[in-house]
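Everything on this sheet refers to the single structure shown next.
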Amino acid sequence: MNCPDKSFYFRSTEIVAKELIGKKLVRNTSNTYSKTRVRLSGIIIETEAYGFRNDSASHAFNGLTPRNGIMFGEVGRAYVYLVYGNHYCINVSARSDKIGAGAVLIRGLYPIEGRMIMRRLRKSKQVIDLTSGPGKITQAMNINRAQNGMDLTNPKNDLHIEFGVELPSFDVIATTRIGISRAIDKLWRFDCKNRLEHN
DNA sequence: TCGATGATTGAG
DNA sequence: TCAATCATCGAA
């Protein structure tokens, strides 16, 4: 498996969000039970694109703040933030040259490696509930603010995105984004159309 | 400072 | 349908 070139993320967030479907999010972390290192991974099956001045729902819409700096910086990095005081969301920073900021929210995974560990981190939930939401993904993969800013294009990092995943052909559909109150008309949510086995 | 809001989840 | 839960950000 290999990681994409940074140029992959130097494109509009819509394109990046769409093409991240089918790629693999990988997390190496310590197993709190056995104290050993474990590799967790899942195929990305749902994403959302967030822009800059063209997107009133984006954290970057009103300009640079202490929180959203990653969206304005080098592309291909993890933007992790706490939402609703309860859950972390993980994004990948992306933007074309002409846009000053952006990110792609990873909303859904098809769990591949380390399902039993994920199950424990998620408190023994059914497999279908392990990573079917942004807050669930970070909980299942032990992702928090410590990973904010991590370079996801470096395969040596404990959090990264791998390409070259073997998958049967699949279609991606675009729909409206979830959980936002502004720019609700944009079709910037991307979903893997065909169902992968979820058990 | 202060208050409103939020890229969610799980329980009832 | 609704509470949990708190960092963030703009306004005061």
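Lettering follows sequence order; numbering is per chain, from 1. Side chains are part of it too, since the values below use all heavy atoms of this structure and drop only hydrogens, waters and symmetry mates. Because the structure is predicted, anything quoted here is derived from the model rather than measured.
A distance-only check finds no donor-acceptor pair linking the side chain of A/Asn157 to the backbone of A/Leu152 [under 3.5 Å].
Atom CG in A/Asn91 sits about 11 Å away from atom P in B/dT8, given to the nearest Å. Atom CG of A/Asn62 and atom P of B/dG6 are 12 Å apart (whole Å). A/Arg182 has its CZ atom 16 Å from the P atom of B/dA4, to the nearest Å. In this structure, the CZ atom of A/Arg177 is 14 Å from the C1' atom of B/dG6, given to the nearest Å. When rounded to the nearest whole Å, the span between CD1 of A/Ile178 and P of B/dA7 equals 13 Å. Atom CD in A/Glu46 sits about 13 Å away from atom C1' in B/dT8, given to the nearest Å. Note: CD1 (A/Ile106) to P (B/dA7) measures 17 Å, nearest angstrom. Spacing between atom CG of A/Asn68 and atom P of B/dA7 amounts to 12 Å, rounded to whole angstrom units.
Looking at heavy-atom distances under 4.0 Å, A/Leu105 makes contact with a base. At the heavy-atom level, A/Arg67 lies under 4.0 Å from the strands shown only through sugar-phosphate atoms.
Pair check for C/dG10 finds B/dC2; Watson-Crick or G-U wobble, both atom distances under 3.5 Å. Nucleotide C/dT5 forms no Watson-Crick or G-U wobble pair with any nucleotide shown, as no partner meets the under 3.5 Å limit on both distances.
When the nearest nucleotides of DNA chain C are assigned to A/Gly63 and A/Gly85 by heavy-atom distance, the more 5′-ward of the two goes with A/Gly85.
A salt bridge links A/Arg39 with A/Glu162: the closest approach of a Lys/Arg side-chain nitrogen to an acidic carboxylate oxygen falls below 4.0 angstrom. With respect to the salt-bridge test (charged N to carboxylate O, under 4.0 angstrom), the residues A/Glu48 and A/Lys186 do not qualify.
Each of A/Ile178 and A/Leu109 belongs to its own hydrophobic cluster when Ile, Leu, Val, Met, Phe, Trp and Tyr are linked at side-chain heavy-atom distances under 4.5 angstrom. Hydrophobic clustering (side-chain heavy atoms under 4.5 Å, transitive across Ile, Leu, Val, Met, Phe, Trp, Tyr) keeps A/Trp188 apart from A/Ile106.
The environment of CD1 in A/Ile173 is crowded: more than 12 heavy-atom neighbours from other residues, nucleotides or ligands sit within 6.0 Å.
Running 5' to 3' along DNA chain C, contacts with non-hydrogen atoms of chain A at under 4.0 Å begin and end at C/dA4 to C/dG10.
At a cut-off of 3.5 Å, with distance as the only test, a side-chain donor of A/Arg189 or A/Thr175 sits close to an acceptor on the other residue.
Under the 6.0 Å distance and 45° angle rule, A/Arg115 counts as a cation-pi partner of A/Tyr110. For A/Arg67 and A/Tyr81, the positive end sits near the middle of the six-membered ring, less than 6.0 Å away and at most 45° from its axis.
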Please tabulate, one pair per line, each protein N/O and nucleotide N/O from nucleotides 9-12 of chain B that are separated by under 3.5 Å, including the distance.
| unit_1 | atom_1 | unit_2 | atom_2 | d |
| --- | --- | --- | --- | --- |
| B/dT9 | OP1 | A/Gly133 | O | 3.4 |
| B/dT9 | OP1 | A/Pro134 | N | 3.1 |
| B/dT9 | OP1 | A/Gly135 | N | 2.8 |
| B/dT9 | OP1 | A/Lys136 | N | 3.2 |
| B/dT9 | O4' | A/His87 | NE2 | 3.1 |
| B/dG10 | OP1 | A/Arg122 | NH1 | 2.7 |
| B/dG10 | OP1 | A/Arg122 | NH2 | 2.9 |

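Listed pair A/Ser58 / B/dA7 fails the phosphate criterion, with no side-chain N or O lying under 4.0 Å from OP1 or OP2.
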